[in-house]
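Notes follow the structure.
Side-chain atoms are counted along with the backbone in the values below, which use heavy atoms only and exclude waters and symmetry mates. Chain letters run A, B, ... following the sequence lines, proteins first, then strands; residues in each count from 1.
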Protein chains: 2
Amino acid sequence: MLPELSSLETFRHLLSVAPVQDAAALADAQARNRQLTKPPQALARLEDLAIWYAGWRGEPRPEIKAPQVIIFAGNHGVTAKGVSAFPPEVTAQMVANFEAGGAAINQLAKLAGAKMDVHAIDLDSPTADFSEAPAMSDAAFLRALRVGWNAVDQKSDLLVVGEMGIGNTTAASAICHALFGGTASIWTGRGTGVSDEVLQFKTEVVAAAVALHGSEIQDGLDALQRVGGREVAAMAGAMAAARLLRIPVILDGFISCAAAAALAKTVKGALDHCVAGHESAEGAHPSLLNHLEKKPLLSLGLRLGEGSGAALAIQILKGALACHSGMSTFAEAGVADG
Amino acid sequence: MLPELSSLETFRHLLSVAPVQDAAALADAQARNRQLTKPPQALARLEDLAIWYAGWRGEPRPEIKAPQVIIFAGNHGVTAKGVSAFPPEVTAQMVANFEAGGAAINQLAKLAGAKMDVHAIDLDSPTADFSEAPAMSDAAFLRALRVGWNAVDQKSDLLVVGEMGIGNTTAASAICHALFGGTASIWTGRGTGVSDEVLQFKTEVVAAAVALHGSEIQDGLDALQRVGGREVAAMAGAMAAARLLRIPVILDGFISCAAAAALAKTVKGALDHCVAGHESAEGAHPSLLNHLEKKPLLSLGLRLGEGSGAALAIQILKGALACHSGMSTFAEAGVADG
């Protein structure tokens, strides 16, 4: 089903030939929607979501039965610069917490009936400090993409990709600054809650990183390799694999959307199978969502990562499909349709 | 547990002596929240919701196990004026659809693990046309309140109150106009989707109703009786009963919030046990939510009623409690807390 990811060229090629929605399923789902026992458009965004999902799955009346949440974890050399409120050891501690079932994402995945997988990628070998050198070599980058690529369960019918990595809002900010321009300050936020002083320093680190690598960044994947991180690359790999498998993806917060942006700035339309789950409180996330042309399903102020906002949004998508596929038509119910 | 609703005076009295949150449970829930494995405030509104819910339930670490969705249905004399896009027969047809499991709310209640009850109130005898006379006599109003009052399952731990009633956005607009002033036009919207011409006429009907009854309306219950409807009154009765039973309530859209407004404008603080589930696309709903000082959990453009937005929001509240009550503390997980 899923081709082997043998090289970065293969990855770029597969992105460029990715499948699109099934036109027949899309048309059938639209026709069904018009017959359901409700005023036209009364379920609004739920109707759009159901039809969109049906098109990707190639079924006019699908259900969501097997959502998957994957958490990727990585460590970042840039934390040596003191950009985070937490020490890098917390990455491994939180991975243990995920594995023991004690984190927020465990509770939210369970509530959504999603299976959850955790991939910690070389935590003992942080990526290079990207304010001084490329975060990853070609080989390390390909390896990280491949972890994500191979983590997607081909039997899943919905995917949430989350992350854990002390320092990774700095990486996400650098990716955004490299890909969308502007100033470092508009893309740099407080992450897990740094002070004004650290925020200022973090912004300078982001600016330095993009100044160093900018001329070498031709597309989104270049940015991901040079100023990203292993878990961010793995997220992009998983999102791309999901596209090939026609598995819709719910994007999470700032890091997740930065990984997604790397795909979108490599191949136009690469995120057509993705919906934004949640607008995070991390300062630059709303702007990033605008660049991706995605309107979030939820806006509850979360700024945790882990895929938490997207996992919560699984319920919205499930609700949309439950209505679309479970409701009676006007004819079935004997209801006058206005 | 729940006193009998013997008169309108009893109802007003019980509203005025309603219980408040349990201070000890509230403090314990706040203390627990501070110890969970996440940066401070990273779950944002989910944290607030969990603590709020814990306070009402009187348990520092509660779960949501038995949500209840109740749908009240009623018919409105004012439909004779031609204010709706659908004929009044649709109320009974949709009640049959609820009972057969074919409506949107059936799917959403099932998804949320909620039991669903339907109460159709005297559908064959519409209320009086409130643009010409009070919608309900004292006796009819008390009977409708009592249907709601007695419909709440004392074993429920969360309540959603939905409605079906062709013409009831007109009643809700009249309640809002009577209670919050302004012009009839700011409170009157398209309901299930009326034309510009019908909207203009509907607005005139709302204005006429409030001009007729305004001087007799001293509080929210007066408005509910004179320009409301049976299902709207029953919703208010159920919300008030939930308060006495310490069952938190998720408000739905415009009609649900108009019923809630009748309580809030009778006794200050009457909605402290309520959270707004969803901001509807019905034009005046955002303004009504502002008057109630409630910030919606969801904003997906729904304008269906039936409790649909609130039922979807059950999942958000469940997510909040799943995190609050299920997560490990820093000490339990061996995670450094910054």
Bottom line for A:Glu47: the part with an atom under 4.5 Å from chain B's heavy atoms is neither

Let me know if A:Leu111 has heavy atoms under 4.5 Å from chain B in its side chain, its backbone, both or neither. side chain

For A:Leu300, which atoms come within 4.5 Å of any heavy atom of chain B: side chain, backbone, both, or neither? both

Please determine, among B:Glu89, B:Gln315, B:Arg45, the option with the most heavy-atom pairs under 4.5 Å with chain A. B:Gln315

At a heavy-atom distance under 4.5 Å, which candidate from B:Gly301, B:Ser84, B:Cys323 has the highest pair count against chain A? B:Cys323

Please name the pair of heavy atoms, one in A:Met116 and one in A:Phe98, separated by the smallest distance, quoted to 0.1 Å. CE-CB, 3.9 Å

Of all heavy-atom pairs linking A:His76 and A:Ile166, the shortest is CD2-O, 3.5 Å

Which heavy-atom pair separates B:Thr91 from B:Asn75 by the least distance, and what is that distance? OG1-OD1, 2.8 Å

Where on A:Ala100 is there a heavy atom nearer than 4.5 Å to chain B: the side chain, the backbone, both, or neither? neither

Does any backbone or side-chain atom of B:Ala96 lie under 4.5 Å from a heavy atom of chain A? Answer side chain, backbone, both or neither. neither

Winner by heavy-atom pair count (cut-off under 4.5 Å) against chain B, out of A:Glu306, A:His324, A:Gln41: A:Gln41

For the candidates A:Ala311, A:Gly334, A:Pro39, which exhibits the highest count of non-hydrogen atom pairs separated by less than 4.5 Å from chain B? A:Pro39

Any ion pair linking A:Asp48 and A:Lys295 (charged N to carboxylate O, less than 4.0 Å)? no

List the atom of A:Arg34, the atom of A:Phe330, and the distance in Å for their closest heavy-atom pair. O-CE1, 4.4 Å

Give the member of A:Ala42, A:Pro40, A:Gly101 that has the highest number of heavy-atom pairs under 4.5 Å with chain B. A:Ala42

Validation row: A:Pro67, A:Val160 side chains within 4.5 angstrom (heavy atoms): no

Looking only at non-hydrogen atoms, find the nearest pair between A:Arg32 and A:Met327 and report the distance. NH2-O, 2.9 Å

Where do A:Ser280 and A:Phe254 come nearest, in terms of heavy atoms and distance? CB-N, 4.5 Å

Side chain, backbone, both or neither: which part of A:Leu297 has a heavy atom under 4.5 Å from chain B? both

Of the listed B:Asn106, B:Leu36, B:Leu49, B:Ile316, the one with the largest count of heavy-atom pairs under 4.5 Å with chain A is B:Ile316

